[in-house]
Amino acid sequence: MADYDGIIIGAGHNGLILQAYLGKAGLKTLCIERRHVAGGGLSTLEDPRHPGFLHNTHAFFQRAITTMPWYAELELARHGAHYIEPELNVALLTSDGRALEWWTDVERTVASFGEFSARDADTLRRWQHEFVPIVRDILVPESRSIPLPPDERRAALQKSAAGRRLLEVSALSPLEFVHREFEHPTVKAGLLFFNGLREVDLRIKGFGHHIAALLASPAKAQMSRGGSAALARALEAAVREAGGDIMLTTEPARIVVENGRAIGVKTAEGELIRAKQFVASSLNPTQTFVDLLDKALVPRAIREQIERFQYNLLAPLFALHLNLTEPPRYAAASNRPELAKAFMVIMGLDHVDQFLDIVRHHEAGTIPPTVMWGACPTLFDPSQAPPGRHTAFMWEKLPYRLNGNPASWDSARREHGKVMLQLWRRHAPNLADAVIDVFTRSPLDVERELPNMREGDLLVGAFTNDQVGFDRPFRGAGDYRTHIPQLYLCGSSSHPGGNITGLPGYNAAQVILSDLGVRTEATA
Ligand SMILES: Cc1cc2nc3c(=O)[nH]c(=O)nc-3n(C[C@H](O)[C@H](O)[C@H](O)COP(=O)(O)OP(=O)(O)OC[C@H]3O[C@@H](n4cnc5c(N)ncnc54)[C@H](O)[C@@H]3O)c2cc1C
């Protein structure tokens with residue numbers, strides 16, 4: 001066994017990004033992964049019954065990947081990654097055959113909103129315009145650095161007009177923001193849907209800026225050519241080029257601490273792998289502090305914080321995947337031919353009040369009327385199916401504890417897939433004859449595959465006010481360091497949170513390199 005400088009637990013994209021940076025800085029590292037494949041949520045599976053049909057079973061819509069600092073710095077395009085950003089980025093199909101559209105060109109988005117409400121179109125343009133500098137100068141830099149304690153952050157923001165405006169807008173809840181600013185129920189629903197994608201509880205104050213920030217962000221949804229796993233493969237290539245090792249199908253049993261410092265990992269097979277300089281965990285706080293550390297090493301105050309750690313009620317997703325002879329042909333496209341090339345398609349959502357209904361169902365563990373969204377990847381990347389064939393999927397937010405028990409999903413899955421297909425056919429009647437194969441995945445399947453996504457929470461920890469920024473995963477723990485010297489956090493439970501952003505791994509790399517006194521371009 002090589003002599004490692006550092007060990008990373010979990011080969012999701014955050015772990016791999018951290019590893020690639022440390023390798024580039026000259027450190028010898030090992031990543032330990034429990035699955036047979038690296039990439040975590042960057043997962044693309046081939047249908048075992050129908051070779052050549054590829055399905056992205058976790059992350060598919062990846063926001064602004066090509067603008068992330070690590071994408072260029074780790075030379076991922078050279079390592080084989082390639083991203084596609086369709087122009088008609090999102091289309092919400094209403095039950096009366098209309099479509100609310102988000103384009104990469106904001107003027108086309110404004111024009112589409114204007115078909116629903118001229119006033120809302122003006123409001124959209126105004127917020128988009130006002131938030132461009134706030135996103136560029138405050139929110140993007142914040143996401144790429146160690147968060148400040150809330151008081152210090154507030155004091156820093158108070159010093160500029162843009163900062164004061166951000167504080168004022170974020171004091172609202174997303175729901176208050178849309179009700180105050182917009183008038184049309186479908187426009188409100190569409191805007192909240194994006195916010196909902198971030199899984200923030202729409203009723204919570206402190207997140208009122210999210211919608212304006214998403215409107216102003218130059219970063220739209222992108223997809224990875226060859227499937228999401230192609231990004232994982234590029235990251236693995238970057239890791240290996242920098243001398244990193246990845247050990248698959250290996251579970252850690254313990255993070256080993258000697259003389260108060262993290263010095264390695266003991267595997268489930270009983271092997272001790274030593275790390276001279278650090279151990280970094282990309283897992284959730286329960287796994288890191290409860291499952292992998294001796295109880296005596298975790299002070300009671302921290303244990304209590306971990307016990308209080310919350311997972312997102314609204315994050316769990318149910319997925320319906322199809323193999324097709326032709327792409328879904330939406331009835332609404334007869335009036336709007338551009339819909340034939342819509343990337344993300346949303347169905348079942350007409351009115352803002354549906355959100356509260358969805359929250360109520362999640363709290364009760366019951367299934368709400370279907371609101372779903374998805375894509376037909378092969379419209380933009382034919383390599384994901386055999387020639388002339390297609391794949392498509394829809395996701396729906398559904399409760400993890402169905403009828404009070406997650407195990408209920410194993411018997412309810414098939415029937416629920418049929419309900420989703422029914423709605424899909426209503427909008428795309430050609431699906432009645434085009435389906436070659438169908439499979440579904442429940443929130444319980446997500447947790448089984450990636451146990452760090454506890455309770456099916458794909459963001460690995462709720463976005464509530466006491467679990468963001470400096471306080472993610474818990475109060476004061478936002479700087480990626482832990483109470484144990486040489487033990488770090490680097491996954492989605494840390495700032496700025498889940499989704500394919502790579503920023504927890506990127507930020508953790510800067511912290512570790514700085515603690516080790518290694519200077520790089522990013523830390524200089
Ligand atoms: C159905 C679904 C759809 C999604 N859609 C999107 C989307 O469209 N866009 C988007 O940006 N995000 C999406 N996400 C979320 C995204 O996949 C995650 O937020 C992201 O993968 C988190 O990255 P990570 O590196 O922190 O963790 P992960 O990707 O989860 O990686 C963690 C790694 O740790 C490993 N691991 C877990 N436990 C152990 C252990 N005990 N020992 C060793 N290894 C372990 C796992 O196997 C995994 O490889 C989706 C997720 C799901 C489930």
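Atoms within each ligand, like the ligands themselves, are counted from 1 in listed order.
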Ligand 1 N/O within reach of [X] N/O, cut-off under 3.5 Å:
X	answer
E33	yes
N499	yes
I500	yes
E449	no

For [atom], what's the nearest protein heavy atom and its distance?
atom	answer
atom 31 (O) of ligand 1	G12 CA, 3.2 Å
atom 53 (C) of ligand 1	H58 CD2, 3.2 Å
atom 9 (N) of ligand 1	F61 O, 2.7 Å
atom 5 (N) of ligand 1	W395 CH2, 3.2 Å
atom 6 (C) of ligand 1	A59 CA, 3.2 Å
atom 38 (N) of ligand 1	Q287 NE2, 3.2 Å
atom 24 (P) of ligand 1	N14 ND2, 3.5 Å
atom 34 (O) of ligand 1	G10 CA, 3.3 Å

Per-atom contacts, ligand 1 versus [X] - under 4.0 Å to a heavy atom:
X	result
L283	34 (O), 36 (N), 37 (C), 38 (N), 39 (C), 40 (C), 41 (N), 45 (C)
G498	19 (O)
T57	1 (C)
S492	22 (C), 23 (O), 24 (P), 26 (O)
E251	41 (N)
P252	42 (N), 43 (C)
G40	29 (O), 31 (O), 48 (C), 49 (O)
M453	17 (O), 18 (C), 21 (O), 30 (O), 53 (C)

If you take the nearest heavy atom of each of [options], which one is closest to [atom]?
atom	options	result
atom 21 (O) of ligand 1	A38, G41, A375	G41
atom 30 (O) of ligand 1	L450, D445, N452	N452
atom 44 (N) of ligand 1	H13, H36, R34, M247	R34

Using a 4.0 Å heavy-atom cut-off, which part of [X] comes near ligand 1: side chain, backbone, both, or neither?
X	value
V446	side chain
L42	neither
Q62	neither
L317	side chain
R63	neither
L458	both

Hey, are [X] and [Y] close enough for a salt bridge, meaning a charged N less than 4.0 Å from a carboxylate O?
X	Y	answer
E85	K220	no
R441	E449	yes
R274	E258	yes
D245	R240	no
D479	R472	no
E455	R401	yes
K28	D3	no
D466	R308	no

Return the set of residues passing side chain to side chain contact (heavy atoms under 4.5 Å, CB included) with A99 (not counting sequence neighbours), or none when no residue passes.
L93, E101, R336, L339

Is there a donor in the side chain of [X] and an acceptor in the side chain of [Y], or the other way round, less than 3.5 Å apart?
X	Y	value
Y400	E447	yes
E251	T267	no
N499	T501	no
S408	N403	no
Y21	Q510	no

Ring pair (Phe, Tyr, Trp, His ring centres under 6.0 Å) filter on H55, not counting sequence neighbours, yields H321, F439

Look at the rings of F193 and F355 and say which category their plane angle falls in: under 30° parallel, 30 to 60° tilted, over 60° perpendicular.
tilted

Do the rings of F393 and W395 sit parallel, tilted or perpendicular, given the 30° and 60° boundaries?
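Tilted, since the angle between the ring planes falls between 30° and 60°.
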
